[in-house]
Number of protein chains: 4
Amino acid sequence: MIKLIITGGTIDKHYNELNGELSFPETHIPGMLKQARCTAEIDVQQLMLKDSLEMTEDDCEQIKKSCLASDAQQVIITHGSDTMVDTAKYLAQTIQEKTIVLVGAMIPYSIKQSDAMFNLGSAIIAVQLLPAGIYITMNGKVFDWDKVLKDKQAGEFRASDV
Amino acid sequence: MIKLIITGGTIDKHYNELNGELSFPETHIPGMLKQARCTAEIDVQQLMLKDSLEMTEDDCEQIKKSCLASDAQQVIITHGSDTMVDTAKYLAQTIQEKTIVLVGAMIPYSIKQSDAMFNLGSAIIAVQLLPAGIYITMNGKVFDWDKVLKDKQAGEFRASDV
Amino acid sequence: MIKLIITGGTIDKHYNELNGELSFPETHIPGMLKQARCTAEIDVQQLMLKDSLEMTEDDCEQIKKSCLASDAQQVIITHGSDTMVDTAKYLAQTIQEKTIVLVGAMIPYSIKQSDAMFNLGSAIIAVQLLPAGIYITMNGKVFDWDKVLKDKQAGEFRASDV
Amino acid sequence: MIKLIITGGTIDKHYNELNGELSFPETHIPGMLKQARCTAEIDVQQLMLKDSLEMTEDDCEQIKKSCLASDAQQVIITHGSDTMVDTAKYLAQTIQEKTIVLVGAMIPYSIKQSDAMFNLGSAIIAVQLLPAGIYITMNGKVFDWDKVLKDKQAGEFRASDV
């Protein structure tokens with residue numbers, strides 16, 4: 001069984017037609033899993049729906065507790081891309097025994113040319129195949145938590161010079 | 001470097017508005033990789049564009065030769081779902097040294113509720129993480145070539161009783 | 001009030017992932033009106049869900065009866081493109097007092113690059129602005145029932161030489 | 001021949017993955033007309049790409065001049081919804097001889113559940129059928145420029161109490 005913790009981020013953003021802004025009326029993850037015809041057993045928990053720039057240390061703490069509280073050995077966390085690496089670092093300080101994969105999207109699922117479905121497929125396979133550790137899957141790659149950065153100018157994740 | 005061999009199948013089917021049928025005017029895979037913001041190095045080769053029900057042993061032989069001709073250790077084959085297991089078996093007879101992942105879709109990429117992007121993300125990660133062998137990634141799962149069947153009534157792949 | 005009679009046709013076709021064919025599990029029209037944020041009052045009736053090549057004279061008779069049975073002066077009929085002109089002619093024999101607009105799509109609504117939403121918007125405005133008569137709206141144009149043909153090679157409707 | 005003047009607005013907004021905001025890298029209107037299989041003759045002019053809240057009187061003046069400079073009797077203006085009624089009023093002060101239809105969208109064309117294609121179909125038919133005057137087509141309805149308001153709480157246009 002895979003635990004999937006939803007925290008928000010671009011992947012879940014939705015256009016609000018009343019004010020013209022992108023916000024989080026509700027998560028799209030269960031609908032995405034259905035569209036994927038995913039038959040892997042996944043226990044979805046919506047922990048929060050936040051822009052990752054607004055994430056606090058308290059939020060990281062909550063995410064950590066959710067990871068630890070679950071019986072699942074395999075955990076996926078959907079997360080905004082801007083602080084995904086920070087949350088991965090935070091989790092790496094205390095969790096060694098589980099396989100945890102953080103994932104998000106550069107383009108919301110609700111937008112036509114989104115990378116969200118591709119990234120979710122990446123994460124679901126990665127979490128089943130990787131040994132215990134904290135990872136990020138974006139751009140068709142798997143990154144160790146301590147060897148990755150988000151290149152904000154290119155809008156993509158890449159291996160950091162270690 | 002990943003080698004990606006395109007053979008057709010539902011993932012690449014396109015609605016032909018002149019006759020109302022689904023056919024293969026051209027592949028969608030390069031567009032899908034762009035939509036995915038995939039930065040993994042992938043060498044795409046369009047070998048054929050066929051419905052998998054029309055695949056012959058000669059086609060399987062061509063696919064095998066393409067796998068072997070490439071320097072790549074990691075090979076993805078996009079393929080129709082109906083005979084995906086058969087082609088996997090065919091390849092398993094002669095190829096032991098490479099990681100080969102077959103993937104397709106239940107719903108064409110050109111259709112709104114498609115599983116194609118999810119499956120492509122699954123395959124790209126699977127091929128990078130799995131040891132040498134022949135595999136199928138569908139429905140958010142990885143299957144060994146000899147432990148999988150397509151359940152045609154449910155429209156999904158599942159582990160076969162070995 | 002506008003009466004909208006659903007008869008099927010390409011606009012409502014849906015990909016059946018179990019057999020790989022396009023069929024009619026249910027109509028998409030109410031969902032399309034919601035997506036359109038349409039506030040015009042529309043009374044939707046699903047009369048049948050048929051490929052227009054399979055329409056019989058009895059089906060035309062049923063459509064005619066539905067038009068006449070309604071109190072609405074303005075009637076839209078969603079219809080397959082192949083026999084849309086024939087049904088328009090059939091209705092023109094007996095109905096003079098209502099504004100009737102036939103409409104469909106070259107690409108199903110369920111497919112990404114569909115003309116369905118555009119055509120539905122065309123028909124809903126046309127039926128409100130045109131005098132009594134039988135019309136077809138396709139390709140961004142309004143055609144009188146007796147001055148239109150479907151150019152099957154081009155896949156579009158155009159004015160016939162009268 | 002129909003003149004179509006592009007001014008921007010929600011219909012043309014695009015998600016910028018580098019900063020997470022909606023902006024105007026380029027117009028989607030020609031792509032929309034192609035998707036619509038529209039064969040009506042349309043002369044498209046991109047005048048500006050602006051959020052309608054940022055439109056100045058100078059912009060309105062430019063739009064007016066574009067309407068007048070064209071030989072076309074039928075003019076469509078794509079426009080942001082927030083000040084669409086204001087621009088319609090501005091044009092009504094000096095243009096009496098042409099049929100001008102303003103149109104936009106509540107949801108950008110680039111987002112999955114957009115009303116953009118429906119509204120564009122509405123406008124293209126309306127401009128061909130209406131007598132000279134200034135109109136707005138939104139929500140499946142045609143409004144005279146002086147009998148319409150945008151209900152910002154409901155996110156829709158409706159007839160104003162005259």
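First the proteins, then the strands, lettered A, B, ... as listed; each starts at 1. Here the structure is a predicted model, which means the values were calculated and not measured.
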For chain B, which residues of residues 37-53 of chain A have heavy atoms nearer than 4.5 angstrom: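 Near chain B, by residue number: A:Arg37, A:Cys38, A:Thr39, A:Ala40.
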Between [atom1] of [X] and [atom2] of [Y], what distance do you get to the nearest 0.5 Å?
{"X": "B:Gln128", "Y": "A:Ile125", "atom1": "CD", "atom2": "CD1", "result": "12.5 Å"}
{"X": "A:Leu129", "Y": "B:Leu130", "atom1": "CG", "atom2": "CG", "result": "5.0 Å"}
{"X": "A:Ile124", "Y": "B:Asn139", "atom1": "CD1", "atom2": "CG", "result": "11.0 Å"}

Of all pairs that satisfy side chain to side chain donor-acceptor pair (under 3.5 Å), the ones with a partner from residues 92-114 of chain A, not counting sequence neighbours: A:Gln35-A:Tyr109
When A:Ala36, A:Ala126, A:Ala116, A:Gly31 are compared by non-hydrogen pairs under 4.5 Å with chain B, the top option: A:Ala36
Top of A:Leu120, A:Asn119, A:Thr137 for chain B proximity - count of heavy-atom pairs under 4.5 angstrom: A:Leu120
A:Asp71 atom CG, over 12 foreign heavy atoms within 6.0 Å: no
Interface moiety of B:Ile107 toward chain A, non-hydrogen atoms closer than 4.5 Å: side chain
Considering all heavy atoms, the nearest A:Gly121-B:Ser122 contact: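 Between these two residues, the closest heavy atoms are O-OG, 3.4 Å.
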